[in-house]
Amino acid sequence: MSENVRVRFAPSPTGRLHIGGARTALFNWAYARRHGGKFILRVEDTDRERSTAEFESAILEGMSWLGMDWDEGPVVGGDFGPYRQSERLEAHLEVAEELEKGGHAYRCFCTSERLGELREKQIATKQTAAYDRKCTALTQDEVTHNLAAGLPSVLRFRVPEGETKFTDEIRGDVSFSNKEVDDWIMLRADGSPTYNFVVVCDDSAMKITHVIRGEEHLTNTPKQVLLYRALGLEAPSFAHLPLILGTDKKKLSKRTGDTALDDYRERGFPPEAVMNFLCLQGWALDGETEVFSIDQLAKNFAFSAVSKGGSVFDLQKFLWLAGEYTQKGELEALVERAKPFMVSAGLMTQAELSERGEWLKAAIGSVQERVRIYSEIPEQLAYLFATDAEVVYDEKAVKNAKKRGVDAMSNYFEWVRPRLESSSTPAELREETRTWIGENGFKFPDLFQPLRCALTGAAGGPDLFDVMELLGPESSLARIQHGLSRLVDSE
RNA sequence: GGCCCCGUCGUCUAGUCGGGCCUAGGACACCAGGUUUUCAUCCUGGCGACGGGGGUUCAAAUCCCCCCGGGGUCACCA
């Protein structure tokens, strides 16, 4: 049974990839990999108005960024193509005709106005909103006549009597009374097919065995199951994933925070962390392990470990997880990932990136353990690019410095000048300075607080001897000198 | 409102199927302490939940019923 698993992710290219969609893709991908099956990508571009090629390629790119690959779909092809829904129209229309001939579908000439009124009335009288089947009373002759007269019409699915049940892989048995299922529209007045119709056509044509999607599709499922039955086909298994919620506990929307995968990518979240965090929304590897790789996901994913309830998206935990990757990963890799952020922040040019490669590596190394996302790197390194006379002093840094006064730094300046210029190593200078502090009757903060402010303008940060190394002797001394006057005066 | 789904710390979750090993475990956040020149990291400790009420049972977070609460969905969008 697990031999021929075929699952699919079917995004519609009408916008950027939503993080909920990205998670759905990840779970589909993982299920396929876990069971040695195929992961298929199908682009649902039937909404011709809003679909664009740009969105489509951005979605594919986002999926690759997260570490997914697909066995069939755009770019890679496959035996069940085409993989763009708009190119499958002919097949859809054939199925529609077959259904109409077989009596499973019927023409409806009702106007949208009448339908709108009907719906309002039903909701007002607290009934299930559904088509009242007025047009099922039409005789074959009347239908033919109307069609010949050019009256606009849609094709509706004829929902049979009874009850529709299916077993959801995550929720267990679910059943709907067919009375609650609308005689939904398969073909619009312009002849184009609708979602619920094409999804079944394509899933069956592509031999999809498991439909893994968001819970918002749960109420679509009986419509689709009924359609499979009318087609004489066995329905696939369904697995409805819990929703990702905003802090208001409602389906995550732009109101509550960034919803597009690219928003996080642009903010410098490591892709491994995004993958990891998205999976943690609704799935647990073992209840203990928080940090895991995409390979571990592929080896361990199972429906039984997927939660039923929605999960609130917690940015704090997301940032923490991002930090696990940036702080504990290789410095070389971090440097590569950080480079574009240095450029876009306006700190360095493309040319400087390579000219000052070693220096940049040291600079990033100095902040690695205190950044979580890549965009924080230029923020924390900005002081290195300031003009010596105009280092931006943080309020707290000034407060800390003034509490200690500049006596220590003033004496230290004369002492350290020759040592900086003779290029002693940070480690040597650190030891010598500690001795100097003791010999001169100061306490560590007496020197370090004002020195930190003068050098970096910040209240916290990397070891000051590393900072001076990055700054170089000239700049270091200049900053100390400016600090001496700035910290005494007005500021 | 109809229908459907869901309900363990503030948040993500383990435990629920096959009741006892649960004085309910882990993580984020928060609080306190230690380490550090500072910040961060790291270490230690703390705070903190089975929505409510009835059953069944020697025993219930786990099984049954009712209530309450939250969400999803009701398109010629997907």
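So you know, we letter chains A, B, ... as the sequences are listed, proteins then strands, and number each from 1.
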Classify the nucleic acid contact of [X] as base, sugar-phosphate or nothing, counting any heavy atom under 4.0 Å across all strands shown.
{"X": "A/L321", "value": "nothing"}
{"X": "A/G461", "value": "base"}
{"X": "A/A284", "value": "sugar-phosphate"}
{"X": "A/T289", "value": "nothing"}
{"X": "A/E290", "value": "base"}
{"X": "A/Q122", "value": "nothing"}

Atom pair distance, as rounded to whole Å: [atom1] in [X] and [atom2] in [N]:
{"X": "A/Y195", "N": "B/C74", "atom1": "OH", "atom2": "P", "value": "11 Å"}
{"X": "A/F448", "N": "B/A40", "atom1": "CZ", "atom2": "P", "value": "18 Å"}
{"X": "A/R430", "N": "B/U38", "atom1": "CZ", "atom2": "P", "value": "13 Å"}
{"X": "A/L464", "N": "B/A40", "atom1": "CG", "atom2": "P", "value": "15 Å"}
{"X": "A/E324", "N": "B/A40", "atom1": "CD", "atom2": "C1'", "value": "13 Å"}

Among A/E215, A/R171, A/R213, exactly one meets side chain to side chain donor-acceptor pair (under 3.5 Å) together with A/H240. Which residue is that?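 For A/H240, the side chain to side chain donor-acceptor pair (under 3.5 Å) check succeeds only for A/R213.
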Heteroatom pairs (N/O) under 3.5 angstrom, protein to nucleotides 34-36 of chain B:
none

How about [X] and [Y]: are their ring centres within less than 6.0 Å of each other?
{"X": "A/F277", "Y": "A/Y325", "result": "no"}
{"X": "A/F313", "Y": "A/Y264", "result": "yes"}
{"X": "A/H217", "Y": "A/Y195", "result": "yes"}
{"X": "A/F157", "Y": "A/F197", "result": "no"}
{"X": "A/W283", "Y": "A/F292", "result": "yes"}

Discussion item. At a heavy-atom distance below 4.0 Å, what parts of residues 215-228 of chain A sit against RNA chain B?
Written reply: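 Only A/E215, A/E216, A/H217, A/L218, A/T219, A/N220 qualify.
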Using a strict heavy-atom distance below 4.0 Å, which residues from residues 151-159 of chain A are in contact with RNA chain B?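 Close to the strand are A/V154.
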Using nucleotides 28-32 of chain B, report all nitrogen or oxygen pairs with the protein that are shorter than 3.5 Å.
| from | atom 1 | to | atom 2 | distance (Å) |
| --- | --- | --- | --- | --- |
| B/C28 | O2' | A/K317 | N | 3.3 |

_Pairwise distance OH(A/Y412) to CG(A/L447) - rounded to 0.5 angstrom_ =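 These two atoms lie 6.0 Å from each other.
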Next item on the list: Enter the distance from A/C110:SG to A/L118:CG here, rounded to the nearest 0.5 Å.
Entry: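 A/C110 atom SG to A/L118 atom CG measures 8.5 Å (nearest 0.5 Å).
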Please list all pairs passing the salt bridge (charged side-chain N to carboxylate O under 4.0 Å, His left out) test where one or both residues lie in residues 246-255 of chain A, with sequence neighbours left out.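 Listed once each, the pairs would be none.
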**Study point:** Partners meeting side-chain contact (heavy atoms from CB on, under 4.5 Å) with A/S51 (sequence neighbours left out)
**Key:**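 Partners of A/S51 by the side-chain contact (heavy atoms from CB on, under 4.5 Å) criterion, ordered by chain and then number, come out as A/P13, A/T14, A/D45, A/D47.
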task = Test the A/R16-A/F55 pair against the cation-pi criterion, namely NZ or CZ under 6.0 angstrom from the six-membered ring centroid and within 45° of the ring axis.
result =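 Checked: cation-pi criterion not met.
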key: cation_pi(A/R156, A/Y131) dist<6.0 Å, angle<=45   =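 Judged by the rule, A/R156 and A/Y131 form a cation-pi pair.
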If the cut-off is 4.0 Å, is A/S304 near the phosphate of B/C17, judged by side-chain N/O to OP1 or OP2?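 Looking at the OP1 and OP2 atoms of B/C17, neither is under 4.0 Å from any side-chain N or O of A/S304.
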